[in-house]
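Both counts, for ligands and for their atoms, begin at 1 and track the order of listing.
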Amino acid sequence: MEKWIYDFSEGRSKDKALLGGKGANLAEMTHLGLPVPSGFTLTTESCMRYLNDATFFEKHLAAELRTAIKRLEVETNKTFGSDEDLLLVSVRSGAVFSMPGMMDTILNLGLNDSRVRTLAEQTNLSFAYDCYRRLLQMFGDVVYGIHKESFNVLLIEAEKANNKSVADFNEQQQVSLIEKYKELFSKHKKVFPQQPMDQLKEAIQAVFHSWNNPRANVYRELHGIAHDLGTAVNVQEMVFGNSGNESGTGVVFTRNPSTGENQLFGEFLLDAQGEDVVAGIRTPQPIQELSERLPDVYQDFLHYAQMLETHYKDMQDIEFTVENGKLFILQTRNGKRTAKAALKIATDLVAEKKLTKEEALMRMEPEMIDQLIHPIFEPTALKKATAFAQGLPASPGAATGEIVFTAEKAKERHELGSKVILVRQETSPEDIEGMIVSEAIVTSRGGMTSHAAVVARGMGTCCVTGSEALTIDEETKTVTTKDVRLTEGDILSVNGNTGEIYLGELPTVVAENNQDLALFLSWANEVADLDVRANAETLTDLRTALDFGATGIGLARTEHMFFGEERILEMRRLILAENAQEMATALTKLLAFQEDDFYQMFQTIQEKPMVIRLLDPPMHEFLPHDPQDIQQLAEKLGQPVNELTTKIEALKETNPMLGHRGCRLGITTPEIYQMQVKAIIQSAIRLRQEGVPVIPEIMIPLIAEKEELVHLKTLLIETIEATFNSQNSSLFPYEIGTMIELPRACLIADQLAEQADFFSFGTNDLTQMTYGFSRDDIGKFINRYQEKAIMTQDPFQHLDQQGVGQLIKLAVSNARRIKPELSIGICGEVGGDPQSIPFFQAIGIDYVSCSPYRIPAARLAVAQAAIRSRRS
Ligand code: PEP
Ligand code: MG
């Protein structure tokens, strides 16, 4: 018989796929002997079965559920049905991958009109009715969709009517408030079930359904989690953190999730249930203060926290409850953390000999590295600025943007191109889409573990929480402090590292490179098979790339060197030359510029390899199109405006991407490539004379025909040899290679390999030409494609492994058959994409090349790909 429910004593942490993350960890902790309240888990499979067939519950789950409850009654020595020895349970979702706050929870389940009286006798009136009200509210919300806030309104009305706080209500007043809650159910044509077993069934079904609620769907989309995994449901004996001052609840990380420091980090609230901490309604106290309030409990907690971290070899995020002085651990999981913390924790755990370097490398998402090299406020501007408000530094980073008060507005303004800062009293899971598009999130309430803090940290978004000096009125759309009043659209700057908030815009700079990152990435180099080079042509980019650990330059796009004011004029003279003399004059000037450029580039990268690509774009890209600019150029060139306009018109192409560009240009106007090659070799000769052993690598773009390559190679070799002669230089090695950017080039890769010293795949053009999607226009339709699930990803961002990838694979294998030692790189955008890198590792590429800021993440991705490939 199939088994759908597992007691906590039956599972282990390896059973995550079946029991969900929470369930598997509860089982593991039970196994380790930690004080975990008893319970059981309904499997993720049972969720999917039920979601696909509603009759499944009664047919297959109900009987097993009754048995599980019976067993729980025996284990706890309590009863679920009768009015004595009350067993109350919590019902919580628990997916395979943690989705904080995305799905539902119901506490205190099992209370009803008569059992609440028993609880009141055993504890006290106020506590018992507090529990019952919470149950009605959560049950109403989760199971019947009755808005939580409507219950609060009734509570406040009753307090006003009775002129006292609910904690001081007498029995009759408590009962009467419960009646009001029940009337709210009736208004929604629902009845709160009095039978604990009925409550349990409905609650479990609602939690199953919450797998498909819109915010959970958005979260899964954002984090690439499959929609068909389902959530497990954990049913667990209730322990009460809200039963007095010897009780409480807290959320604690074993290390600081913002900085990574090895010190307990978290908060607790006395006399409270877990949701009070997460919802940010009451401001919690730092965990260290528990050592004064409940010293024995604190010592026990320290012991278990250490034990869990050592067991899981990772920083843990632990939820606990204390009931009348006794500690219970309710949950542990690997804690979400900022990139900065992830790095520090990984390097510290290696230093503490709790992890190997390889394990540490596998712990960090390559995308997280991006957050380490993202902006901070420019230090001198920051020094001069005065913060007008301060909150908790919940998630690091620095951001400037206009104030919005709702998630909808955030999306609307973002779509119009604005940078927005979402400012709210507190966030809730419904805000997720607005949070995704915001540069920063600011809340006036909540602590470091509030919803806003946890979600922002996960997304790497700058966030400040609990900025209590801000009065945020979401109705009137104003933020006020005692000195300032701001409205929607006003500009704020937010410092997620310090929690400070500034009026107006502050300039940002990229954060300093840090020691831990350098060490961590040096481990990546130790295991990597692929090199990581940079796409760069300016000296600044080259230096940044080298600082980030590029092993060379995989693509220097020379057209980018012609855009300076002086240079573009000479380029225009060349394109528009009327005769050989004019052309020669322009070429001489351009040669001097280029030689100087290449000299400085070689000098910067020294003996590291550098692939220089000859001119690629169509000529008309260098010409003006605006009548005013044409007029100015005509004056400079001394040509009549109408003639110039006609010439420019004539150079325009219908499909420039498929037109007169790349090697085609080199064939029709050989003077340009000759000039470039001469400049490359002359600069290399100078460097050689200075003792730097450069080996120029010259790359020809957009080859489709073997003959194109043969023709151009002959031209280049003639020029190179003439240059050596004219400079009286002895020969030194150089290479001539080609880009593979067209499907045809992939299909004839063996023929091209005979001619080329190296290959570099230009996946931008190759994707464009394979799909027939214009790389500049895909933005107009890819969103629709994704919405309609026609394509899940933009193939210019992540390699299309089934199509473009297969062409590359074929080309690599055919080329290597002819020339096994052929050096092969990837220099299109996907070269820096951590998702695509494992494919390049698998097909035997030598290096990937990407823009400088993508290098650190690519280095980690390359190391992970190597480790995975060895493990498999
Ligand atoms: C490419 O096509 O992938 C490439 C790197 O060249 P470019 O982007 O300059 O066309
Ligand atoms: Mg290209």
Protein residue, atom and distance nearest to [atom], heavy-atom basis:
atom	result
atom 9 (O) of ligand 1	Arg557 NE, 2.7 Å
atom 3 (O) of ligand 1	Asn764 N, 2.7 Å
atom 6 (O) of ligand 1	Arg613 NH1, 3.0 Å

| query | Is the number of heavy atoms from other residues, nucleotides or ligands within 6.0 Å of CZ (Arg870) greater than 12? | reply |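 Result for CZ/Arg870: enclosed.
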| Are there more than 12 heavy atoms of other residues, nucleotides or ligands under 6.0 Å from atom CD of Gln802? |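 12 or below, so no.
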| message | Under 4.0 Å, heavy-atom basis, I'd like to know which part of Leu766 is in contact with ligand 1: side chain, backbone, both or neither. | response |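 No part of Leu766 comes within reach of ligand 1.
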Any salt bridge between [X] and [Y], counting N to O under 4.0 Å?
X	Y	value
Arg613	Glu559	yes
Asp531	Lys608	no
Arg661	Glu621	no

Run the numbers for me: atoms of ligand 1, each under 4.0 Å from some heavy atom of [X], listed by number.
X	answer
Cys827	5 (C)
Glu741	1 (C), 2 (O), 4 (C), 6 (O)
Leu555	5 (C)
Met739	4 (C), 5 (C), 6 (O)

| Atom pair NZ (Lys713) and CD1 (Ile698), whose distance is rounded to the nearest 0.5 Å |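 Output value for this atom pair is 12.0 Å.
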| query | At what distance, to the nearest 0.5 angstrom, does OG1 of Thr763 lie from CZ of Phe796? | reply |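 Rounded to the nearest 0.5 Å, the OG1-CZ separation comes out at 9.5 Å.
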| query | What is the name of the N/O/S atom in Asp765 that sits closest to the Mg ion (ligand 2)? | reply |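 Of the nitrogen, oxygen and sulfur atoms in Asp765, the Mg ion (ligand 2) lies nearest to OD2.
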| Atom name of the N, O or S atom in Glu741 that lies nearest to the Mg ion (ligand 2) |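 Distance check against the Mg ion (ligand 2) picks out OE1 in Glu741.
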| task | Could you tell me whether Phe724 and Phe732 have their ring centroids closer than 6.0 angstrom? | result |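 Yes, ring centres under 6.0 Å apart.
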| task | Closest by any non-hydrogen atom to atom 8 (O) of ligand 1: pick that one out of Arg775, Glu559, Glu829. | result |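 Ranked by closest heavy atom to atom 8 (O) of ligand 1, first place is Arg775.
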